[in-house]
Amino acid sequence: MGNALRFLYSGCCKPDAEDAGSLGPHGVTAATVGVSALARDIFHYEITSQVPEGLSQHVVSSKKAQANWYKKLLRAWKEAKPPPKTPEEAARLVSVTLKRNQTQDVEGLLAFYGLPLPHTLVQTSGVPLSLPEGVQFEFDTLPVDAKAVADGDTVTVYVDTADPGEWATVPRRIHEAAIRRSQARAVRNFVQADALQKEIVDAGYRVISSANGTEVLARKYRIRLRGIDAPENSMPYGQEAKQELLKIVEGKCLKIFFYEEDRYGRCVGDVYSNGLFVQELMLKKGLAWHYVAYDQRPQLAKLETDARLAQIGLWASPNPEKPWEWRKNRRNGG
């Protein structure tokens, strides 16, 4: 975009060497965030009526024509039920929406985002992989910050608002605040920038800066790991549990399967880090209980039993206090 809303989070999902040939100007592979980059630019156009800088190097038509493309793509994206989630789906939407345009323009636009060209697309059934029973939706996070882990079973994560599942829910005023914040920082008006940042944070979002200076407008989620209960921080092994969870998730892009929201407003979900089931790792390390009051999965019960028999972690103690009993005692003044 040429401004703060061309957000790419360089620390997440870096391409493998063999994918280098599929890289677009965004520096991402078609298998990772090409769809997000396209979505981001489409909705940036809705707010600013500006097309991405650099696109003219890949297409033959004028800026005026490019603006017309984004107007059509915006309408098509909003009408899609559901919106594109894969590079192939996004490429099909672009190809169908702009089918009356020159081939050079369509292919140039797709190449700009590292998306598949029309002749490489194959017909598919379009049936998505089924989610586990009870999952309401899934999402992928930005890399987890070291300060994001509250204890052994709770972590705060952020999701890029350009994600196809997020952008439509972001209030327009937050999009606009992010743009104005970037503009204020550009002219060193840090008082205004800080005020806009506070507005963004108070609404449950955050502008995150990456190591290379790019920025991401992200939505905040507090995640409660489903099915386990770790020692509270002030309990024996509480700090060990917190540090173990931090070691598992820090710097990683997590996949979350969201089941429900608890009474504290946290998202209760299954969490995967680099393809590994985080709750399973915590149980194997002996740093959490299987939370049988809320979860009856036999595989989690077995992991706790195995850790107990091996006297791993907190099970080195003959009778460790359960965190739900510890909390009850504190509430009752015990």
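Quick caveat: nothing in here was measured; it's all calculated off a predicted structure. Values below: every heavy atom of this structure, side chains too, minus hydrogens, waters and symmetry copies.
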> Can you tell me how far the OG atom of Ser56 sits from the CZ atom of Phe112, to the nearest 0.5 Å?
Replying inline: 9.0 Å

> Considering residues, nucleotides and ligands other than Lys63, do more than 12 of their heavy atoms fall under 6.0 Å from its NZ?
Replying inline: yes

> Measuring from Leu115:CG to Arg92:CZ, what's the distance to the nearest 0.5 Å?
Replying inline: 12.0 Å

>> Tell me whether Asp229 is salt-bridged to Arg327, with the criterion being a basic N under 4.0 Å from an acidic carboxylate O.
In response: yes

> Which heavy-atom pair separates Trp326 from Arg330 by the least distance, and what is that distance?
Replying inline: NE1-NH2, 2.8 Å

> Would the number of heavy atoms belonging to other residues, nucleotides or ligands and lying under 6.0 Å from CD of Gln104 be above 12?
Replying inline: no

>> Tell me the closest heavy-atom pair linking Met282 and Ala241, and the distance in Å.
In response: CE-O, 3.5 Å

> Okay, side chain of Asp151, backbone of Pro231: is any donor-acceptor separation there less than 3.5 Å?
Replying inline: no

> Do other residues, nucleotides or ligands put more than 12 heavy atoms under 6.0 Å from Arg188 CZ?
Replying inline: no

> Are the side chains of Asp202 and Glu199 in touch, meaning some heavy atoms are under 4.5 Å apart?
Replying inline: no

>> Closer than 4.0 angstrom, basic N to acidic O: yes or no for Asp145 and Lys147?
In response: no

> Do Arg226 and Arg297 have side-chain heavy atoms sitting under 4.5 Å apart?
Replying inline: yes

> Any side-chain heavy atom of Val144 sitting closer than 4.5 Å to one from Lys252?
Replying inline: no

> Name the one of Asp41, Leu109, Asn68 that satisfies side-chain contact (heavy atoms from CB on, under 4.5 Å) with Leu73?
Replying inline: Leu109

>> For Ala288 versus Leu314, what's the shortest heavy-atom pair and its separation?
In response: N-CD2, 3.9 Å

> Any donor and acceptor pair, going by atom type alone, linking the side chain of Gln296 with main-chain N or O of Val292 inside 3.5 Å?
Replying inline: yes

>> As an exercise, state the distance from CD of Gln66 to CG of Leu55, rounded to the nearest 0.5 Å.
In response: 4.5 Å

> Can you tell me how far CH2 of Trp167 sits from NZ of Lys78, rounded to the nearest 0.5 angstrom?
Replying inline: 5.5 Å

> Hey, are the side chains of Ile256 and Glu138 touching, using non-hydrogen atoms and a 4.5 Å cut-off?
Replying inline: no

> Parallel, tilted or perpendicular: which fits the ring planes of Tyr272 and Phe257, with parallel below 30° and perpendicular above 60°?
Replying inline: perpendicular

> Does Leu276 offer a backbone N or O that forms a donor-acceptor pair with the side chain of Ser273 under 3.5 Å?
Replying inline: no

> Okay, side chain of Glu261, backbone of Arg266: is any donor-acceptor separation there less than 3.5 Å?
Replying inline: no

>> Tell me the closest heavy-atom pair linking Leu110 and Ala91, and the distance in Å.
In response: CD2-CA, 3.8 Å

>> Measuring centre to centre across the rings, with the benzene-like ring taken for any Trp, is Tyr221 within less than 6.0 Å of Phe139?
In response: yes

>> Under 4.5 Å between side-chain heavy atoms, counting indirect links through other Ile/Leu/Val/Met/Phe/Trp/Tyr residues: same cluster for Tyr70 and Leu74 or not?
In response: yes

>> Please determine whether a side-chain nitrogen of the Lys or Arg among Glu244 and Lys247 lies less than 4.0 Å from a carboxylate oxygen of the Asp or Glu.
In response: yes

> Between Leu225 and Thr154, what is the shortest heavy-atom contact and its length?
Replying inline: CD1-N, 4.3 Å

>> Do Arg224 and Tyr264 form a cation-pi contact, if we require the NZ or CZ to be under 6.0 Å from the six-membered ring centre and within 45 degrees of the ring's axis?
In response: no

> Would you say the side chain of Gln243 lies within less than 4.5 Å of the side chain of Leu246, judging by non-hydrogen atoms?
Replying inline: yes

> Applying the 4.5 Å side-chain criterion to the ILVMFWY set and letting contacts propagate, would Tyr259 and Tyr294 be lumped into a single cluster?
Replying inline: yes

>> Hydrophobic clustering (ILVMFWY, side-chain heavy atoms < 4.5 Å, transitive) - are Phe137 and Val135 grouped together?
In response: yes

> More than 12 non-hydrogen atoms from neighbouring residues, nucleotides or ligands closer than 6.0 Å to NZ on Lys284, yes or no?
Replying inline: no

> So, the side chain of Glu304 versus the backbone of His290: is there a donor-acceptor pair under 3.5 Å, distance only?
Replying inline: yes

>> Quick one, Leu98 and Asp105 - any side-chain contact, counting heavy atoms below 4.5 Å?
In response: no

> Would the number of heavy atoms belonging to other residues, nucleotides or ligands and lying under 6.0 Å from NZ of Lys285 be above 12?
Replying inline: no

> With distance as the sole test, does Thr97 use its side chain to make a donor-acceptor pair with the main-chain N or O of Lys72 at under 3.5 Å?
Replying inline: no

> Should the ring pair Trp77 and Phe43 be called parallel, tilted or perpendicular, given that the plane angle runs from 0 to 90° and is split at 30 and 60?
Replying inline: perpendicular

>> Tell me the closest heavy-atom pair linking Pro87 and Val35, and the distance in Å.
In response: N-CG2, 3.5 Å

> Would you say the side chain of Leu217 lies within less than 4.5 Å of the side chain of Ile200, judging by non-hydrogen atoms?
Replying inline: yes

>> Using side chain to side chain contact (heavy atoms under 4.5 Å, CB included), reason through Leu283 and Phe277 one step at a time and then give a plain yes or no.
In response: CA-CA 10 Å; Leu283 288 167; Phe277 187 21; over 6 Å; no

>> A side-chain contact here means heavy atoms from C-beta on lying under 4.5 Å apart; do Val170 and Arg219 qualify?
In response: no

> So among Asp295, Asp153, Asp270, which one has a side chain to side chain donor-acceptor pair (under 3.5 Å) with Gln279?
Replying inline: Asp270

> With the 4.5 Å side-chain cut-off for hydrophobic clustering, are Tyr237 and Met235 part of the same group?
Replying inline: no

>> Looking at Arg40 and Asp160, is there a salt bridge between them, counting it only when a charged N and a carboxylate O are closer than 4.0 Å?
In response: yes

>> Membership question, hydrophobic clusters at under 4.5 Å side-chain separation (ILVMFWY): are Leu196 and Ile47 in the same one?
In response: no

